[in-house]
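Throughout, a chain's letter reflects where its sequence line sits, starting with A, and its residues are numbered from 1. Owing to the predicted nature of the structure, the values given are computational and were not obtained by experimental measurement.
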Protein chains: 2
Amino acid sequence: MIELAQLRHLAAFHQSGTLSQAAEELHISQPALSRSMQKLEEELQVPLFERQKNKIRLNANGQMAVEHAQRILEDVKEMAEQVRALDRRSHTIALGNCAPAPGWSAVPVLSNLYPGMTISSEVQEIPQLIDGLRDGTYQIITLPYALADEAFYCQAAQKETLFLCLPPKHPCAQKVETGMNLEEIDGETVLLFSTLGFWHSVHVKLMPHSRFLIQHDRDTFSELVNTTMLPSFMTNLSVKYFGKNNDRVLVPLLNPEASVTFHFLCRKENYKKLKPFFRQLPKGE
Amino acid sequence: MIELAQLRHLAAFHQSGTLSQAAEELHISQPALSRSMQKLEEELQVPLFERQKNKIRLNANGQMAVEHAQRILEDVKEMAEQVRALDRRSHTIALGNCAPAPGWSAVPVLSNLYPGMTISSEVQEIPQLIDGLRDGTYQIITLPYALADEAFYCQAAQKETLFLCLPPKHPCAQKVETGMNLEEIDGETVLLFSTLGFWHSVHVKLMPHSRFLIQHDRDTFSELVNTTMLPSFMTNLSVKYFGKNNDRVLVPLLNPEASVTFHFLCRKENYKKLKPFFRQLPKGE
DNA sequence: ACGCGTTACGTGAGGCGTAAGCATA
DNA sequence: TATGCTTACGCCTCACGTAACGCGT
């Protein structure tokens with residue numbers, strides 16, 4: 001019976017060109033490799049090498065055998081990877097979010113309800129979220145709107161409201177009671193924390209003339225908020241989950257886009273398992 | 001390291017459904033198989049089975065693994081087959097003929113010139129011969145005409161001439177000196193020996209109204225030739241190689257199609273090796 | 001009680017490394 | 001002389017079979 005060890009040996013010889021070198025790379029002795037190849041020839045009932053007294057090289061049969069061997073070894077590797085990936089998927093609940101906030105509330109709930117499961121949570125573009133829910137990349141996704149789809153269960157959850165975050169001396173800070181429209185500061189440079197998901201597109205849409213200084217490090221971001229006069233954003237949820245540890249004024253925004261209700265979706269066939277999660281989702285603000 | 005033995009064991013289990021039965025089919029003990037599967041799981045770092053106390057079955061991981069395993073085992077089998085086939089080809093000279101006669105002369109010559117080589121000779125349709133020469137199925141082919149092709153070397157050899165083989169009392173038997181045209185007996189039932197190659201199409205073309213009683217067994221054919229009044233065919237070459245052991249009259253045929261010159265072809269890159277053969281080919285009749 | 005799967009234990013085949021031999025550059 | 005492949009020989013691992021056990025039907 002042909003064994004993978006022999007194919008590994010053959011492939012190694014093909015790479016190295018000599019038995020001695022291949023043996024070294026395989027961490028076996030050179031005679032062992034020599035015998036292994038002899039046995040492979042025996043089992044195929046076909047010579048794979050042209051041998052001279054102290055020289056050996058692949059013949060046409062051997063070259064064809066090497067090609068097959070490489071493919072087979074690749075396939076074995078792929079088998080291991082795919083099976084491991086499948087197993088991994090069965091132990092993880094993948095959550096795909098349109099913005100950071102839904103993850104803040106959902107991840108702890110999932111961890112509690114499904115101990116032993118790995119919970120993954122990431123922010124992604126909306127079309128990829130929907131595709132991902134369909135193809136199994138995600139078990140749960142969040143959208144900033146309701147989506148009617150035969151294959152999906154969809155439930156409304158938290159509402160997130162955007163506030164402009166201004167230094168007290170900013171001209172607009174006085175509108176803290178009345179609220180304001182985002183267009184009023186269009187053109188001003190704004191500090192943003194990265195991976196805001198769909199919120200980013202809202203900003204770009206309502207403030208087409210602004211420059212956005214995107215910070216990927218949370219500490220750097222906080223530092224900049226405190227040490228510059230630049231406007232930035234907070235939301236009811238970011239305050240709830242991370243607090244508001246600065247002296248900035250939170251001015252409500254009157255644009256309808258500044259307030260959304262997150263919806264959690266899963267494939268209908270998964271709803272049964274995820275029901276406890278959906279029942280425990282926070283509602284309202 | 002995963003080994004093919006483990007994949008064979010896994011596939012066997014999938015087929016059988018129980019370890020005991022699979023072990024029996026594999027001709028190993030049931031505990032050995034149990035351990036083998038445990039080791040495979042260990043190497044994949046993933047459970048492949050759902051185990052109850054005295055029950056075991058594949059889980060989702062296992063099912064995926066089985067599919068991969070089956071494919072891999074198929075590929076290994078195919079590797080062996082293809083390598084063996086390649087080796088076989090390198091030890092055989094495959095001769096493809098448009099009619100039986102060229103093989104009669106060529107095979108002994110090839111056997112002499114290339115001892116140790118297996119000589120295969122078969123009759124095939126002309127288009128398949130040409131394709132086969134191109135794709136390596138044949139090293140040498142014979143055609144009833146010259147073929148000019150950049151890739152081929154082509155050399156004329158023997159001429160074969162068709163005779164009508166009639167019982168002495170047949171009305172046409174008197175034309176043994178003058179010769180006759182095949183059309184004169186169109187409509188009569190004729191005895192044919194099988195695998196005549198392109199000759200068959202000649203018969204059908206010149207005698208469209210005749211019925212052909214095709215015999216695949218040479219003894220039966222000879223028997224029928226001798227015991228019936230039916231016409232049949234012989235050629236200068238069939239007489240030369242097999243003799244004419246009956247009392248039939250051989251009437252020459254005047255149709256131009258009744259006489260052909262065989263041409264032997266090989267791919268130009270093979271000509272060097274086959275040169276001795278081509279130089280020893282019989283010429284003329 | 002029987003069938004099936006796992007664990008325990010001793011054994012033997014087979015693959016391994018070392019050493020020696022031989023041919024070539 | 002150095003390099004590289006093969007053969008000889010003894011060792012040791014590892015996969016095997018037998019036996020014993022546990023559990024469910």
Side-chain angles (χ1 to χ4, degrees), chain A residues 1-63 65-66 69 72-73 76 80, chain B residues 1-63 65-66 69 72-73 76 80:
Chain A
M1 289 277 114
I2 296 175
E3 282 303 334
L4 284 181
Q6 296 170 306
L7 302 190
R8 292 190 190 102
H9 293 176
L10 180 64
F13 171 77
H14 174 249
Q15 261 209 328
S16 306
T18 76
L19 286 185
S20 341
Q21 196 177 331
E24 191 161 347
E25 290 177 16
L26 290 165
H27 304 294
I28 62 174
S29 70
Q30 185 271 327
L33 181 56
S34 177
R35 286 190 298 260
S36 169
M37 293 296 90
Q38 286 168 18
K39 198 165 176 199
L40 181 59
E41 288 179 294
E42 210 171 278
E43 266 154 10
L44 287 171
Q45 305 168 306
V46 148
L48 300 176
F49 302 92
E50 269 176 30
R51 295 159 202 272
Q52 282 138 16
K53 280 297 172 185
N54 63 345
K55 211 166 192 170
I56 186 170
R57 69 168 201 219
L58 292 165
N59 64 15
N61 298 332
Q63 286 172 22
V66 163
I72 290 165
L73 292 170
V76 172
Chain B
M1 290 276 115
I2 296 175
E3 281 303 336
L4 284 182
Q6 296 171 305
L7 302 190
R8 292 189 190 103
H9 293 175
L10 180 64
F13 170 77
H14 174 249
Q15 261 210 330
S16 309
T18 75
L19 287 183
S20 341
Q21 196 178 330
E24 191 162 347
E25 289 176 16
L26 289 166
H27 304 292
I28 62 174
S29 71
Q30 185 271 328
L33 180 55
S34 176
R35 284 190 300 261
S36 170
M37 294 297 89
Q38 286 169 19
K39 198 162 177 201
L40 182 58
E41 288 179 294
E42 209 172 278
E43 266 154 11
L44 288 171
Q45 304 168 307
V46 147
L48 301 175
F49 303 92
E50 270 177 31
R51 296 160 202 271
Q52 282 138 14
K53 280 297 170 185
N54 62 345
K55 211 166 192 169
I56 187 170
R57 69 167 202 222
L58 292 165
N59 65 14
N61 299 331
Q63 287 173 22
V66 163
I72 290 165
L73 293 170
V76 171

**Q** Looking at dC16(D), dA19(D), dT6(D), which one has an atom nearest to any side-chain atom of P31(A)?
**A** dT6(D)

**Q** According to ring-ring contact (aromatic ring centres under 6.0 Å, His included), does anything in residues 12-52 of chain A pair up with another residue at least two apart or in another chain? List the pairs.
**A** F13(A)-F49(A)

**Q** Check DNA chain C against residues 39-58 of chain A and give the residues with a non-hydrogen atom under 4.0 Å, in numerical order.
**A** K39(A), K53(A), N54(A)

**Q** Heavy atoms only: give me the nearest A22(A)-S16(A) pair and the separation to one decimal.
**A** CA-OG, 3.4 Å

**Q** Are the side chain of N61(B) and the backbone of L48(B) linked by a donor-acceptor contact shorter than 3.5 Å?
**A** no

**Q** Quick check on Q15(A): does its CD atom have over 12 non-hydrogen neighbours (other residues, nucleotides or ligands) under 6.0 Å away?
**A** no

**Q** Within residues 13-30 of chain A, find the residues that approach DNA chain C with a heavy atom at under 4.0 Å, and present them sorted by residue number.
**A** H27(A), I28(A), S29(A)

**Q** When the distance from CG of L4(B) to C1' of dA15(D) is rounded to whole Å, what number comes out?
**A** 16 Å

**Q** Using every non-hydrogen atom in the two residues, find where A23(B) and L33(B) come nearest and quote the distance to one decimal.
**A** N-CD2, 3.5 Å

**Q** Enumerate donor-acceptor pairs with a distance under 3.5 Å from any side-chain N or O in residues 4-11 of chain B to protein atoms, sequence neighbours excluded.
**A**
| residue | atom | partner | partner atom | Å |
| --- | --- | --- | --- | --- |
| Q6(B) | OE1 | E3(B) | N | 2.8 |
| Q6(B) | NE2 | E43(B) | OE1 | 3.3 |
| R8(B) | NH1 | E3(A) | OE2 | 3.1 |
| R8(B) | NH2 | I2(A) | O | 2.7 |
| H9(B) | ND1 | S36(B) | OG | 2.7 |

**Q** Got a second to check how far S29(B)'s OG is from R35(B)'s CZ, nearest 0.5 Å?
**A** 6.0 Å

**Q** Which salt bridge (charged side-chain N to carboxylate O under 4.0 Å, His left out) pairs, counting each pair once, include a residue from residues 46-63 of chain A, with sequence neighbours left out?
**A** E41(A)-R51(A), E50(A)-R57(A)

**Q** Using modelled atom types and a 3.5 Å cut-off, is there a donor and acceptor pairing between side-chain atoms of S34(A) and backbone atoms of Q30(A)?
**A** no

**Q** At what distance, to the nearest 0.5 angstrom, does CD of E24(B) lie from OG1 of T18(B)?
**A** 9.0 Å

**Q** Where does the chain B footprint on DNA chain C start and end, counting 5' to 3' with a 4.0 Å heavy-atom cut-off?
**A** dG3(C) to dA8(C)

